[in-house]
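In what follows, a single structure is set out as structure tokens and then discussed.
Since we're looking at a predicted model, the values are computed, not measured.
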Amino acid sequence: QVQVVESGGGLVQAGGSLRLSCTASGLTFDDYAMAWFRQAPGQEREGVSCIGRSGRWTHYADSVKGRFTISRDNAKNTLYLQMNSLKSQDTATYYCARGRYGYCSGSWSKKGDFDDWGQGTQVTVSS
């Protein structure tokens with residue numbers, strides 16, 4: 001059974017940084033793309049960033065480009081999201097998801113390519 005567990009959320013002031021982690025078990029981690037999504041209250045879940053199985057190819061939502069960095073350590077079955085220059089609009093619950101394929105498809109941000117999800121970790125940015 002695949003388990004995906006996020007950690008690292010918290011309260012931070014605008015302009016600050018946080019690093020999220022996601023550990024996956026019950027799968028061959030480096031067979032799959034992984035991604036981060038987020039959902040703010042009253043809004044739909046949106047794709048933040050996606051990374052291919054090797055870590056070589058990454059994709060970002062326009063809203064986080066240049067501020068967030070996705071990475072993975074396949075030896076540790078762990079996915080990361082380094083978030084810098086945080087803004088109040090980054091406040092959301094952040095979810096880690098395991099992709100269906102080894103790559104991020106052109107529609108990766110539409111959620112349909114992801115089969116296993118974590119329970120989420122809350123990120124709150126105070127202005």
Side-chain angles (χ1 to χ4, degrees):
Q1 183 178 355
V2 176
Q3 285 193 318
V4 177
V5 180
E6 305 96 338
S7 62
L11 174 64
V12 63
Q13 288 189 334
S17 298
L18 277 177
R19 189 195 198 201
L20 304 184
S21 298
C22 166
T23 301
S25 60
L27 77 168
T28 303
F29 185 72
D30 58 6
D31 275 353
Y32 302 101
M34 299 290 295
W36 289 98
F37 288 78
R38 67 185 181 186
Q39 188 168 19
Q43 298 186 20
E44 289 195 2
R45 195 171 297 189
E46 64 172 356
V48 174
S49 184
C50 183
I51 186 167
R53 58 185 292 188
S54 70
R56 180 179 180 186
W57 301 107
T58 58
H59 306 264
Y60 295 92
D62 287 344
S63 59
V64 306
K65 280 181 182 175
R67 299 189 298 122
F68 290 10
T69 303
I70 191 170
S71 61
R72 63 191 296 164
D73 185 337
N74 287 341
K76 296 182 178 179
N77 280 21
T78 302
L79 176 73
Y80 303 100
L81 185 68
Q82 178 67 44
M83 304 186 295
N84 298 329
S85 303
L86 282 161
K87 305 175 181 180
S88 57
Q89 50 263 53
D90 295 318
T91 294
T93 301
Y94 283 71
Y95 298 90
C96 172
R98 191 269 298 177
R100 189 171 302 161
Y101 312 113
Y103 59 90
C104 303
S105 73
S107 60
W108 69 268
S109 63
K110 304 300 184 184
K111 302 178 292 182
D113 289 348
F114 297 87
D115 295 324
D116 295 294
W117 296 78
Q119 82 291 347
T121 186
Q122 178 66 37
V123 172
T124 302
V125 184
S126 63
S127 57

### Task
Check which hydrophobic residues are tied to Y95 through side-chain heavy-atom contacts below 4.5 Å, counting indirect links as well, and list them.
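Hydrophobic cluster check, Y95: joined to F37, W108, F114, W117.
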### Query
In the hydrophobic clustering that connects Ile, Leu, Val, Met, Phe, Trp and Tyr at side-chain heavy-atom distances below 4.5 Å, which members other than L79 occupy its cluster, ordered by chain and number?
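Noted: L79 shares its cluster with V12, L18, L20, F29, M34, W36, V48, I51, Y60, V64, F68, I70, L81, M83, L86, Y94, V123, V125.
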Has the side chain of [X] got a donor or acceptor atom that lies under 3.5 Å from a matching backbone atom of [Y]?
X	Y	answer
E6	C96	yes
S85	G15	no
T121	G9	yes

How far does [atom1] of [X] sit from [atom2] of [Y], to the nearest 0.5 angstrom?
X	Y	atom1	atom2	result
Y103	C50	OH	SG	11.0 Å
R38	E44	CZ	CD	14.0 Å
T23	Y80	OG1	OH	7.0 Å
Q122	T91	CD	OG1	7.5 Å
D116	R100	CG	CZ	10.0 Å

### Query
Which heavy atom in V2 sits nearest to a heavy atom in V4, and how many Å separate them?
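Answer, listing the atom of V2 first, then V4: CG1-CG2, 4.1 Å.
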### Message
Using every non-hydrogen atom in the two residues, find where S127 and S88 come nearest and quote the distance to one decimal.
### Response
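That closest heavy-atom pairing would be CB-CB, 4.3 Å.
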### Task
For the residue pair N84 and S17, confirm or rule out a side-chain donor-acceptor distance under 3.5 Å.
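Yes.
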### Message
Check this for me, if you would: do D30 and R72 make a salt bridge, where the nitrogen-to-carboxylate-oxygen distance has to be below 4.0 angstrom?
### Response
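A salt bridge is absent here (no side-chain N lies under 4.0 Å from a carboxylate O).
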### Query
Less than 4.0 Å between a side-chain N and a carboxylate O, is that true for K87 and D90?
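Looking at K87 together with D90, the answer is no, because their closest N to O distance does not fall below 4.0 Å.
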### With sequence neighbours excluded, residues passing side chain to side chain donor-acceptor pair (under 3.5 Å) with Q89
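Checked Q89 against side chain to side chain donor-acceptor pair (under 3.5 Å); zero matches.
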### Query
So K76 and S21, side-chain contact (heavy atoms from CB on, under 4.5 Å) or not? Walk me through it.
CA-CA 11 Å; K76 296 182 178 179; S21 298; over 6 Å; no
